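Comments concern the structure below.
A, B, ... follow the sequence lines: proteins, then strands. Residue 1 opens every chain. What you see is a predicted model; the values in this text were computed from it and never measured.
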There are 2 protein chains.
Amino acid sequence: MNPLYIQIKKRITESLVGGLWHPGHSIPSEIELAQSYNVSQGTVRKAIDELAAEKILIRRQGKGTFVASHNEEHNQLRFLRLTSSLGDKEKLDNKLITFEKEKASNGLAKILGINNASTVVSIKRVLTFNEKPLILDLIKVPAASFRGLTPEKVIEKKGSMYRMYETDFGIQMLHAKEKIRAVTASAEAAELLGVSLDSPILSVERTSFTYDNKAIEWRLGLCLTENHHYATELE
Amino acid sequence: MNPLYIQIKKRITESLVGGLWHPGHSIPSEIELAQSYNVSQGTVRKAIDELAAEKILIRRQGKGTFVASHNEEHNQLRFLRLTSSLGDKEKLDNKLITFEKEKASNGLAKILGINNASTVVSIKRVLTFNEKPLILDLIKVPAASFRGLTPEKVIEKKGSMYRMYETDFGIQMLHAKEKIRAVTASAEAAELLGVSLDSPILSVERTSFTYDNKAIEWRLGLCLTENHHYATELE
DNA sequence: GAGTGGTCTAGACCACGGC
DNA sequence: CCGTGGTCTAGACCACTCA
């Protein structure tokens with residue numbers, strides 16, 4: 001049998017997945033949870049500690065424990081690791097290129113955990129910083145999970161896809177895996193990013209996950225790294 | 001005043017830095033530490049919990065708590081994020097190109113936290129996988145911290161620089177920051193890696209740190225990513 | 001002042017490793 | 001069997017937030 005605090009953690013996660021508690025709002029206090037689960041406060045505390053470490057919950061002394069939300073300004077770019085090498089502040093913008101529905105390839109279906117040839121929404125866009133194109137994104141999400149996703153919504157949200165997923169579809173991005181390569185610009189990428197053919201491009205392939213490691217989005221980002229770099233930390 | 005467990009954590013870290021306990025060996029049991037620090041076992045436990053989360057200590061139920069070591073086989077490549085896209089097992093090898101001592105530039109001195117124009121050891125090498133060149137590394141470390149570092153040592157250790165730092169110089173790599181870019185192959189890189197001029201190359205600039213965030217090594221890795229990718233996780 | 005999370009303690013019992 | 005870390009509990013007190 002699993003340790004008690006792991007079971008409590010699971011039950012809390014289930015309440016989160018089930019939508020019992022909502023992002024940005026508080027969950028019951030440790031004492032209340034301890035009573036309703038019939039365990040000691042210390043056990044609830046340990047369960048919440050882990051969820052807080054995973055950034056799924058946020059503790060605030062004196063106020064309570066809250067469901068993490070990515071709506072706040074400073075969280076907008078939580079998953080955007082590309083930063084200016086000069087350290088200047090930049091104005092982010094979003095230009096939609098295409099918005100289509102299509103059948104998922106076998107590989108994509110496997111990654112997203114959906115049936116072969118299920119419908120996916122395919123979005124192509126260019127992110128600009130200070131009016132200059134920097135990233136060409138190709139994004140694919142299961143249509144079934146995002147009914148009502150329209151080109152207008154993508155444009156309206158100005159590039160904050162993950163924020164839109166949360167507010168409009170109740171789907172939260174919790175973590176992601178990336179594969180990074182150096183490639184040369186294709187004809188399309190060269191044109192959309194405004195560089196010459198065969199310029200070096202940083203290719204970032206990302207699969208994003210929500211609760212319980214359920215894949216929810218696949219995307220390929222092609223980034224210019226002349227004045228920017230991808231920052232990461234090894235531990 | 002800091003919480004007690006933070007103070008205990010600091011005292012444990014000091015013992016590690018001071019070399020009182022050695023990598024791979026066990027530290028005193030929680031009960032002994034609690035007695036010698038005059039705190040409860042729970043407080044020591046919380047301090048060790050954090051150090052274990054940072055992979056500085058390793059707990060083993062029934063055996064004790066050990067100082068993390070990177071000598072084990074499976075830890076060899078802890079900081080090598082480049083993996084084969086095909087998933088095959090590969091034979092790693094190491095070819096030393098140049099080994100020189102030089103004066104640190106101002107930028108490098110600042111990164112490494114040493115005086116301007118201090119002497120650094122500069123190493124250039126090529127890492128091969130299955131006999132094929134894959135990474136061109138340029139490594140710079142403060143000469144003062146690595147007295148006795150010779151070309152022979154680099155060759156002998158077959159690419160495990162961090163292992164050598166630990167066993168031969170008592171310096172442990174704990175974490176690192178990286179900046180990643182896509183660039184084109186210089187004439188030198190093209191020749192050493194066996195690709196054509198202007199091929200796309202993944203540039204990985206790394207600064208590595210030991211205890212207390214002290215920088216200890218700077219390196220630039222130029223990687224071929226035709227059949228490999230750099231893997232990372234966002235959380 | 002009431003309620004929240006944060007720290008600290010003391011003690012009980014469990015699970016694992018090695019003698 | 002003993003000693004280790006791992007879990008769980010109960011209770012005390014502190015620090016912070018807000019009415």
Side-chain angles (χ1 to χ4, degrees), chain A residues 1-16 20-69 71-72 74-75, chain B residues 1-16 20-69 71-72 74-75:
Chain A
M1 201 51 180
N2 268 338
L4 236 194
Y5 75 92
I6 296 288
Q7 299 174 41
I8 300 300
K9 184 181 169 186
K10 200 165 292 173
R11 292 179 68 172
I12 292 175
T13 304
E14 282 163 9
S15 293
L16 289 168
L20 185 55
W21 305 316
H22 296 96
H25 295 126
S26 70
I27 70 173
S29 74
E30 294 179 354
I31 293 175
E32 287 175 295
L33 288 173
Q35 285 168 348
S36 72
Y37 292 139
N38 269 305
V39 298
S40 77
Q41 187 184 352
T43 301
V44 171
R45 168 164 285 274
K46 185 145 188 184
I48 292 179
D49 276 346
E50 294 209 348
L51 290 167
E54 294 167 25
K55 291 180 185 161
I56 291 174
L57 294 179
I58 299 175
R59 297 166 159 294
R60 286 193 228 266
Q61 186 173 97
K63 299 184 75 173
T65 301
F66 298 77
V67 182
S69 168
N71 280 341
E72 303 94 39
H74 82 282
N75 264 338
Chain B
M1 202 52 179
N2 269 338
L4 237 193
Y5 75 92
I6 296 288
Q7 299 173 42
I8 300 300
K9 184 180 170 188
K10 200 165 292 172
R11 293 179 67 172
I12 293 175
T13 304
E14 282 163 9
S15 294
L16 289 167
L20 185 56
W21 305 317
H22 295 96
H25 296 127
S26 70
I27 69 172
S29 74
E30 294 180 356
I31 293 174
E32 288 175 293
L33 288 173
Q35 285 168 348
S36 72
Y37 292 141
N38 268 306
V39 298
S40 77
Q41 187 184 351
T43 302
V44 170
R45 167 166 287 275
K46 185 145 189 186
I48 293 179
D49 275 346
E50 295 211 348
L51 290 167
E54 294 167 25
K55 291 179 183 159
I56 291 174
L57 294 179
I58 298 175
R59 296 165 158 295
R60 284 194 229 265
Q61 186 173 107
K63 300 185 73 174
T65 301
F66 298 77
V67 183
S69 168
N71 280 342
E72 302 95 37
H74 81 281
N75 264 338

Under the criterion side chain to side chain contact (heavy atoms under 4.5 Å, CB included), I'd like the reasoning laid out for A/Q7 against A/V39: C-alpha separation, chi angles, the key distance, then a yes or no. CA-CA 11 Å; A/Q7 299 174 41; A/V39 298; over 6 Å; no
Query raised in the report: Passes side chain to side chain contact (heavy atoms under 4.5 Å, CB included), B/F66 versus B/H25? Steps please.
Result: CA-CA 5 Å; B/F66 298 77; B/H25 296 127; 5.7 Å; no
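Nucleic acid contact class of A/R60 (heavy atoms, under 4.0 Å, all strands): sugar-phosphate only.
Residue A/R45 has no polar side-chain atom (N or O) positioned under 4.0 Å from OP1 or OP2 of C/dG5. Distances shown here put every side-chain N or O of A/S40 at or beyond 4.0 Å from the OP1 or OP2 atom of D/dA10. A close approach under 4.0 Å does not occur between any side-chain nitrogen or oxygen of B/T65 and OP1 or OP2 of D/dT4. In terms of phosphate contacts, A/K63 brings no side-chain nitrogen or oxygen within less than 4.0 Å of OP1 or OP2 of C/dG3. Note on B/T43: every side-chain N or O is 4.0 Å or more away from OP1 and OP2 of C/dT7. Dashed line: the shortest gap from a side-chain N or O of B/K46 to OP1 or OP2 of C/dC8 is not under 4.0 Å.
Going from atom CD1 of B/I27 over to atom C1' of D/dG3 covers 15 Å, rounded to whole Å. Remark: C1' of C/dC8 and CD of B/Q41 are 13 Å apart, rounded to the nearest angstrom. Protein atom CD1 of A/I31 is 8 Å distant from nucleotide atom C1' of C/dG3, rounded to whole Å. The separation between B/I8 atom CD1 and C/dT7 atom P is 14 Å, rounded to whole Å. Spacing between atom CG of A/N38 and atom P of D/dC8 amounts to 14 Å, rounded to whole angstrom units. Atom C1' of nucleotide D/dC14 and atom OH of B/Y5 are separated by 14 Å, given to the nearest angstrom. Counting to the nearest Å, the P atom of D/dG6 and the CG atom of B/L57 are 11 Å from each other. Rounded to an integer number of Å, the gap from A/E30 CD to C/dG3 P is 16 Å.
Projected onto DNA chain D by closest heavy-atom contact, A/G62 and A/N2 fall at different nucleotides, the more 5' of which corresponds to A/N2.
The A/L4 side chain lies nearest to D/dC8 when the options are D/dT4, D/dC8, C/dT9. Which of D/dT7, C/dT7, C/dA15 sits closest to the side chain of B/Q61 comes down to C/dA15.
Using a 4.0 Å cut-off between a side-chain N of Lys or Arg and a carboxylate O of Asp or Glu, B/K9 and B/E14 do not qualify as a salt bridge. Salt-bridge annotation for A/E30 and A/R59: present, with a side-chain N of the basic residue lying under 4.0 Å from a carboxylate O of the acidic one.
Contact annotation: the side chain of A/D49 never approaches that of A/Y5 to less than 4.5 Å [non-hydrogen atoms, C-beta and beyond].
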